[in-house]
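Remarks on the structure that follows.
Read the numbers this way: they start at 1 and go in the same order the structure lists the ligands and their atoms. Just so you know, these numbers come straight off a predicted model, no measurement behind them.
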Amino acid sequence: MKPAIILHGGAGNWKSNKIDKAKKLLEQAADIGIKILKNNGSSLDAVEKSINFLENSGFFNCGIGSVAQADGKVRMDAGIMDGSTLKCGAVGAIENIKNPISVARKVMKKTEHCLLVSKFATEFAVKNGFKKINIKPRKTKKTLDTVGAVAVDKKGSIAAGVSTGGLGNSMLPGRVGDSAIPGAGFYVNEFAGAVATGIGEAFIRTVIIKNTVDMVQECKSLKEVAKFSLKTLKQKTSCEGGIIILDKNGNYAAYYTTKAMPWVYKRG
Ligand code: ASP
């Protein structure tokens, strides 16, 4: 089976001078993922490592590039899921850790839980060898340049992941968005995986990503599935957004109703 990966850099009001840089970084992240997949690595590794690259870039609203909540503090969300076992791990409102997606993966691997939050997520990270660093908030008022990835490996296992600093200073301290909530911000089963980007509360209220993945089995076109989900989102919540989907055979869709959403797809 030919492996594949799809990544997005957030659906929002992108300025054209920034989108080229975003695409370049997404390309580099996709290369990291594809290399892992070509060397018989797992889709979970491909998703985690390509997102690590984006978290470390400082360009996107995740990892060291995250924005602050209303009290001036950076609190990040991340989630990762394995389609072949339906196991998932997530962290909500984690502070001062460079790579929340990797902590999410540790939650999946080392605990019986799906989600750890706030100082307890940070404590769990430190206990598991992650270094505490001071993350200075990026000075942007409102941003939607979250990152997400879905990959399928040579065995046909699909994984999905997402990492974000959230919605900027409109967020009350302690707010957790869709990126930490399976079914809302990300979901994957043995047939397909999907990741959302946009106003997290809208994705939580509609649990749109679980529905999106379920619809893949019933529909032929992934683009139609993504289009339908975003139409529903708009009807029910008046919010715009973006979705990436990848199925077991490497078919994909990247669809958004915002001004732009940088994304990249690569197949081994
Ligand atoms: N969904 C993210 C959140 O609400 C933001 C984004 O996708 O850019 O935290």
Distance under 6.0 Å and angle within 45° of the ring axis: does Lys210 meet both against Tyr187? yes
Against ligand 1, does [X] come closer than 4.0 Å with any heavy atom?
{"X": "Gly185", "result": "no"}
{"X": "Gly166", "result": "yes"}
{"X": "Leu167", "result": "yes"}
{"X": "Met171", "result": "no"}

Ligand 1 to Asp178 polar contact by distance, N or O atoms, under 3.5 Å: yes
Flag the pair Lys266 and Glu27 as a salt bridge only when some basic side-chain nitrogen lies within less than 4.0 angstrom of an acidic carboxylate oxygen. yes
Salt bridge check: are Arg175 and Glu201 linked by an N-O gap of less than 4.0 Å? yes
If we only count heavy atoms from C-beta on, is the [X] to [Y] side-chain gap below 4.5 Å?
{"X": "Leu25", "Y": "Phe53", "answer": "yes"}
{"X": "Glu48", "Y": "Ile80", "answer": "yes"}
{"X": "Val195", "Y": "His8", "answer": "yes"}

Between Thr197 and ligand 1, which part of the residue brings a heavy atom under 4.0 Å of the ligand: side chain, backbone, both or neither? both
Closest candidate by heavy atom, reference atom 5 (C) of ligand 1, pool Gly168, Gly200, Gly198: Gly198
Asp31 and Gln28: side chain to side chain donor-acceptor pair (under 3.5 Å), yes or no, with the steps? CA-CA 5 Å; Asp31 286 340; Gln28 283 173 270; over 6 Å; no
Can you list the ligand 1 atoms lying under 4.0 Å from a non-hydrogen atom of Thr146? 2 (C), 5 (C), 6 (C), 7 (O), 8 (O)
Numbered atoms and elements of ligand 1 in range of Arg175, under 4.0 angstrom, heavy atoms: 3 (C), 4 (O), 9 (O)
